[in-house]
Amino acid sequence: MATFLYRLGRLAFRRRRLFLMFWIVVLAAVGIGAAGVSGKTTDDFTLPGTQSQRAIDLLGKEFPQAAAGGATARVVFEAPGGQKLTSTANKTEISALVADLDKAPQVASVTEPFSNSLVSEDGTIAYAQVTYEVPKADLTDAASEALNQVAEKGERAGLTVSLGGNAVQEKAASKAAELIGLAVAAVALVITFGSMIAAGLPLLTALIGVGVAILCITISTQFFDMASASSTLALMLGLAVAIDYALFIVSRYRGEIRDGHEPEEAAGRALGTAGSAVVFAGLTVVIALAGLSVIGIKMLTTMGLAAAFAVAVAVVIALTLLPAVLGFAGMRIMKGKLTSKRHRAEERGEREAMGVRWGRFVTRNPVKMLVVSVVGLGLLAIPAMSLRLTLPDDSMASPGSTQRVAYDTLSKGFGPGFNGPLTVVVDARDSDDPKAAAENAYATISELPDVAAVRPAAFNEAGDVALITAIPKSSPTSQATKDLVADIRDHSDALHKDTGADLMVTGTTAVNIDVSTKLAEAMVPYLAIVVGLALILLLLVFRSILVPLKAALGFLLSVVATLGVLVAVFQWGWLKDVFGVDQTQPIVSVLPILLIGVVFGLAMDYEVFLVTRMREEYVHGAEPTEAIVAGFRHGGRVVTAAAIIMISVFSGFLLDDTALVKSIGLGLASAVLFDAFVVRMTIVPAVMTLLGRRAWALPGWLDRIMPDVDVEGEKLRHALEARQTSTAPAGHEEAGQGADDAGDTKKLARKH
């Protein structure tokens with residue numbers, strides 16, 4: 001691989017105009033394709049096999065008019081100050097608005113407030129429940145526009161009208177997060193390289209790569225139902241890893257030039273060594289993200305595949321476009337007018353870099369540093385034992401948004417449980433007396449302690465399936481509501497024994513509970529699959545058993561510490577004002593498993609970047625401790641800059657008003673902080689110091705059957721040394737190298 005990438009790097013450097021034009025054409029093509037796309041995104045969860053989904057399927061068959069799988073909206077009305085909605089004028093206006101809703105496109109049914117007791121006791125708040133014929137992903141712009149027009153008409157009449165439910169389109173997210181992340185990344189790159197040109201190249205290639213990836217994802221929404229957070233996650237990860245991969249290669253390129261190589265040769269060597277690490281680092285991220293598809297939840301699958309695609313594009317950009325733009329920069333990339341005296345002294349070898357000093361400190365005190373780091377992460381992980389999961393609802397919408405106003409208004413007028421009614425299905429098809437079975441279920445549910453109200457049973461045309469609506473006293477995301485759903489389901493066996501009927505609970509709240517439970521159960525198997533596949537990959541990279549195991553255990557420490565931080569901030573409310581959290585609530589259920597996938601990939605990035613250089617030095621003859629320090633000498637500054645860039649990009653998303661995006665931003669930023677600075681730069685060198693040569697041990701039988709992927713470029717180094725010592729004249733040598741690289745890509749791939 002190293003030899004192939006070496007030749008690819010020189011080819012891209014030499015044919016830079018061709019490579020650059022190729023990517024410009026690709027960007028323009030996908031941009032034109034995305035311009036005409038009006039695809040929809042969705043946050044709907046479906047989970048075949050769960051009780052809530054079985055109930056939805058039964059309702060779709062027996063109550064087609066209920067459109068159980070369709071999108072829903074709540075139109076909440078609040079009277080002006082000092083008035084009541086039951087006044088003649090307000091009542092007439094609301095009835096007219098409900099009539100407009102009933103005529104709107106794709107609407108299956110509208111529950112009128114005054115005839116269905118959907119008015120608060122004080123008469124100031126009411127709501128209409130709208131059910132659509134199609135899921136949210138299939139709603140047309142006309143349907144959404146009609147809903148908004150009803151709200152606007154009500155506002156003009158003097159009413160306060162707000163909209164809730166999954167049919168309401170969310171406003172586009174602010175781009176401030178991306179801009180802030182880019183700005184901090186630019187500053188970190190300038191400090192790292194001391195050169196505007198060297199700092200600008202990673203940003204340029206990253207923007208092109210992210211642009212291509214996001215536009216492709218946009219085009220895919222025309223053909224697939226994508227989760228609304230897919231583009232955000234792809235943008236976050238694509239931007240971060242693209243800058244990191246380019247940073248790693250550019251740093252190695254500058255190092256090769258300082259060693260006396262010509263720019264084209266330096267580009268080939270940089271890609272042959274650092275490029276190999278980028279390939280395997282990218283593969284670990286792609287494996288972790290694509291692995292989300294094994295869970296079987298469509299939303300997670302689309303998020304994972306979209307982000308994995310963005311990472312794959314970042315790798316390809318780093319291997320093709322980056323060496324091409326290095327060709328345009330040439331030797332100007334070495335002009336560092338912004339470097340400090342200390343930095344210049346470090347480059348001349350007159351002063352040791354901070355990373356080297358830190359590496360020496362850790363290797364001299366491995367036990368102390370290991371204990372302090374593990375205990376510190378362990379303390380941060382303590383809150384994770386109180387982890388509670390939920391799915392996002394309107395209570396997590398941006399403060400001031402119409403969804404959040406609707407949620408808060410309903411809670412004020414009726415109680416929080418009205419935001420999450422439970423749909424109880426009595427399947428009495430095998431019962432001798434379906435009516436008695438429904439009455440039995442109604443009485444049982446009415447007596448449960450957390451039930452605020454129960455609506456009488458409504459039967460299908462055949463009279464053997466009944467629909468009961470139960471309103472909890474507690475909010476949809478509370479533990480009390482979760483317990484209530486479990487209590488109702490627990491009475492199913494008794495009802496079946498007495499009447500032959502089955503009891504099932506569905507509705508948005510029950511679906512969310514089932515999905516959260518499924519995600520919690522899937523966390524360990526998913527972790528085992530992803531870590532297992534990545535361990536095999538790292539085994540090939542490092543040709544060691546203990547190094548991959550150490551990498552995985554360190555990752556687990558990072559994850560549990562990060563979960564502890566999320567629980568402390570979002571669930572317990574610690575420092576919530578600092579992070580802009582307006583209310584405490586359970587952790588979004590997709591976050592822990594998403595965090596596992598993303599953080600594992602990123603953790604392995606740092607492991608590969610730092611430890612491959614240690615292995616390279618060890619393979620070249622350095623003692624184990626010397627190899628560790630050398631790894632910090634060559635990679636410490638780059639890993640530090642890469643971590644700062646990632647933390648900056650992720651932290652920028654804390655400015656988003658959406659709880660899910662905010663929690664993803666804090667979770668990823670915390671995880672990178674812990675993994676890069678505590679695990680990779682402290683625990684890793686401490687453990688490797690204690691292991692000594694055993695860290696690189698590999699059983700002979702395993703060494704013989706494993707392919708040698710030559711990530712550290714050992715074969716490439718020998719090949720280049722052999723060519724330099726050949727009898728060919730010096731001038732002919734470079735010509736020969738150029739001739740070697742003139743072959744087409746198929747020839748290169750066939751040979752290597």
Side-chain angles (χ1 to χ4, degrees), residues 1-14 16 19 189 192-195 197-199 201-202 205 244-279 281 318-336 339 343-344 346-349 353 355 608-610 612-617 619-620 622 630-639 641-642 710-725 730 733-734 736-738 740-741:
M1 174 180 285
T3 306
F4 174 76
L5 291 177
Y6 165 80
R7 291 172 176 263
L8 177 61
R10 296 197 62 180
L11 180 64
F13 188 98
R14 190 169 55 255
R16 47 189 172 272
F19 277 73
L189 288 168
T192 302
F193 292 128
S195 165
I197 294 177
L201 294 184
T205 56
D244 278 6
Y245 295 163
L247 167 65
F248 194 52
I249 292 174
V250 170
S251 178
R252 189 61 180 257
Y253 171 76
R254 283 161 57 92
E256 295 293 342
I257 287 182
R258 279 194 291 269
D259 289 342
H261 297 110
E262 290 298 317
E264 183 179 330
E265 177 69 10
R269 288 174 179 260
L271 215 66
T273 51
S276 299
V278 164
V279 169
L319 299 180
T320 56
L321 179 60
L322 182 60
V325 296
L326 287 175
F328 288 103
M331 291 297 295
R332 288 175 295 174
I333 201 171
M334 301 302 295
K335 295 180 180 179
T339 54
H343 192 183
R344 289 193 294 271
E346 290 171 1
E347 289 186 345
R348 291 193 301 267
V608 170
F609 288 167
L610 194 60
T612 49
R613 194 59 188 252
M614 295 179 186
R615 175 169 173 77
E616 185 177 339
E617 297 295 329
V619 168
H620 293 169
F632 274 90
R633 177 178 293 110
H634 297 289
R637 190 181 189 90
V638 175
V639 170
D710 191 28
V711 175
E712 65 278 354
E714 181 68 7
K715 292 180 179 178
L716 173 63
R717 187 176 72 92
H718 288 317
L720 294 176
E721 287 177 352
R723 185 158 57 188
Q724 289 172 358
T725 57
E733 179 184 327
E734 287 299 317
Q737 291 180 6
D740 288 342
D741 295 325

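This is a predicted model, so every value here is computed, not measured.
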Going from [atom1] on [X] to [atom2] on [Y], what distance comes out if it is rounded to the nearest 0.5 angstrom?
X: Thr205; Y: Tyr245; atom1: OG1; atom2: OH; result: 13.0 Å
X: Leu321; Y: Leu326; atom1: CG; atom2: CG; result: 9.5 Å
X: Ser276; Y: Phe4; atom1: OG; atom2: CZ; result: 11.0 Å

Is the backbone of [Y] close enough, under 3.5 Å, to the side chain of [X] for a donor and an acceptor to pair up by distance?
X: Ser251; Y: Leu247; result: no
X: Arg14; Y: Glu264; result: no
X: Arg332; Y: Ala329; result: yes

Here's a test for you: under salt bridge (charged side-chain N to carboxylate O under 4.0 Å, His left out), which of Glu262, Glu256, Glu265 qualifies with Arg10?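 The salt bridge (charged side-chain N to carboxylate O under 4.0 Å, His left out) with Arg10 is passed solely by Glu265 among Glu262, Glu256, Glu265.
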Quick one: closest heavy-atom pair of [X] and [Y], and the distance?
X: Gly9; Y: Pro323; answer: O-CB, 3.8 Å
X: Pro263; Y: Met331; answer: CG-SD, 3.6 Å
X: Val278; Y: Phe248; answer: CG2-CD2, 4.1 Å
X: Pro202; Y: Val250; answer: CG-CG2, 4.3 Å
X: Gly631; Y: Leu610; answer: O-CD1, 3.9 Å
X: Ala270; Y: Arg252; answer: CA-CG, 3.9 Å

Under the criterion side chain to side chain contact (heavy atoms under 4.5 Å, CB included), which of Leu201, Leu271, Ile333 is the partner of Tyr253?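 Answer to the side chain to side chain contact (heavy atoms under 4.5 Å, CB included) test with Tyr253 among Leu201, Leu271, Ile333: Ile333.
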